[in-house]
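Okay, structure first, notes after.
Throughout, a chain's letter reflects where its sequence line sits, starting with A, and its residues are numbered from 1.
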Protein chains: 2
Amino acid sequence: MSETTQCKMISADEKKNLQDRLPPLEVLQRLSEFFGVFADETRLKILFFLSQQELCVADLATLTQMGQSAISHPLKVLRLTRLVKYRKEKTSIFYSLDDDHIHSVFEVAMEHILEGDRK
Amino acid sequence: MSETTQCKMISADEKKNLQDRLPPLEVLQRLSEFFGVFADETRLKILFFLSQQELCVADLATLTQMGQSAISHPLKVLRLTRLVKYRKEKTSIFYSLDDDHIHSVFEVAMEHILEGDRK
DNA sequence: TCCATATATGAGTATATATTCATATAATAT
DNA sequence: ATATTATATGAATATATACTCATATATGGA
């Protein structure tokens, strides 16, 4: 914040224009939160398995070879961000994906990664 | 890892099948790193401004109202992940976007966020 | 050559986050 | 009722990460 550098290749008008077009902070916050959910290997594994089929918590723990609590916590994050939904059956809780966009998100990400490999 | 829960609604065959289809850990790592880059408001601001036009570091600092170092560090992350490119001109360094997918990434993310609002 | 400017980098710190452990809750079965 | 099973949750800890400050580098001009 306290800088001496004053390059300003852009004019005051351009500056104002650009700043005005910047999405509101609230939107930026929600965007970064959204991406943050995908920035974790455990949650990615869960999302992958759920993209294949509906699964209960215990099975997700088995599949990921992680503890039950280590699955419940990320599942809560996925619930709160509305990426998964669930239904109860007896004492089990079955989770499934709750967003059509998830596949698109992965596709774009994979494109970027694969493109990097080509270079 | 040391759990007693053994729900296993899925069979041993299903389990093996699902685990085999899971993308390799290296891919999952790179995916989570990729998303992690977008999980930061400062980097999102930088990416937005660069989506509008090529800019030097000092201008990015002015636009974001952050210090020069606070911009250089995230720029390094964006460079290493190949999301931005740069060119030198005298003592300035001009950054610009280096990935066609970025717009798609944002579009999908915005769709999710807006959909959540509707509910 | 010496100085000024623009940017990069490393260390330090403060904060966020993932995992573990222990425990709570909720539903079922005996 | 009590025990059992599946899941959720809170606290604690360990690790990662963002920002600040100080300094280094690199380029151009005097």
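Counting only residues at least two apart or on different chains, the side chain to side chain donor-acceptor pair (under 3.5 Å) pairs with a member in residues 15-39 of chain B are A/Asp117-B/Arg30, B/Lys16-B/Asp20, B/Asn17-B/Arg21, B/Glu26-B/Arg30. For residues 66-75 of chain A, the set of pairs meeting the salt bridge (charged side-chain N to carboxylate O under 4.0 Å, His left out) definition, not counting sequence neighbours, is empty.
Annotation: proximity of residues 34-55 of chain A to DNA chain C (heavy atom, distance under 4.0 Å) is found for A/Asp40, A/Thr42, A/Arg43, numbered in ascending order.
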Scan nucleotides 8-13 of chain C against the protein and return all N/O pairs shorter than 3.5 Å with their distances rounded to 0.1 Å.
{"residue": "C/dA8", "atom": "OP1", "partner": "B/Tyr95", "partner atom": "OH", "Å": "2.5"}
{"residue": "C/dA8", "atom": "OP2", "partner": "B/Ser72", "partner atom": "OG", "Å": "2.8"}
{"residue": "C/dA8", "atom": "N7", "partner": "B/Gln68", "partner atom": "NE2", "Å": "2.7"}
{"residue": "C/dA8", "atom": "N6", "partner": "B/Gln68", "partner atom": "OE1", "Å": "3.3"}
{"residue": "C/dT9", "atom": "O4", "partner": "B/Ser69", "partner atom": "OG", "Å": "2.7"}
{"residue": "C/dG10", "atom": "O6", "partner": "B/His73", "partner atom": "NE2", "Å": "2.8"}

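Atom CE of B/Met66 and atom P of C/dT7 are 16 Å apart (whole Å). Atom CG in A/Leu80 sits roughly 13 Å away from atom P in C/dT17 (whole-Å rounding). Whole-Å rounding puts the A/Phe94 CZ to D/dT5 C1' distance at 13 Å. One atom, NZ of B/Lys90, and another, P of C/dA6, lie 11 Å apart when rounded to the nearest Å. Across the protein-nucleic acid pair, A/Lys88 atom NZ and C/dA27 atom C1' stand 9 Å apart, rounded to whole Å. Here C/dA6 presents its C1' atom at 11 Å from CE of A/Met9, a figure rounded to the nearest Å.
B/Phe106 and A/Phe35 have perpendicular rings, their planes meeting at more than 60° on a 0 to 90° scale where under 30° would count as parallel.
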Would you mind writing out the side-chain donor-acceptor pairs for residues 42-50 of chain A within the sub-3.5 Å range, not counting sequence neighbours?
{"residue": "A/Arg43", "atom": "NE", "partner": "A/Val37", "partner atom": "O", "Å": "2.7"}
{"residue": "A/Arg43", "atom": "NH2", "partner": "A/Gly36", "partner atom": "O", "Å": "3.1"}

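Applying the side chain to side chain donor-acceptor pair (under 3.5 Å) test to B/Glu54 and every residue at least two apart in sequence or in another chain returns B/Arg87. Considering only residues two or more places apart in sequence or on other chains, A/Lys85 meets the side chain to side chain donor-acceptor pair (under 3.5 Å) condition with none of them. Looking at residues two or more places apart in sequence or on another chain, you find a ring pair (Phe, Tyr, Trp, His ring centres under 6.0 Å) between A/Phe34 and A/Phe38, B/His112. Remark: B/Thr91 engages no residue in a side chain to side chain donor-acceptor pair (under 3.5 Å) (not counting sequence neighbours).
For the pair A/Val77 and A/Glu89, both in contact range of DNA chain C, the more 5′-proximal nearest nucleotide belongs to A/Val77.
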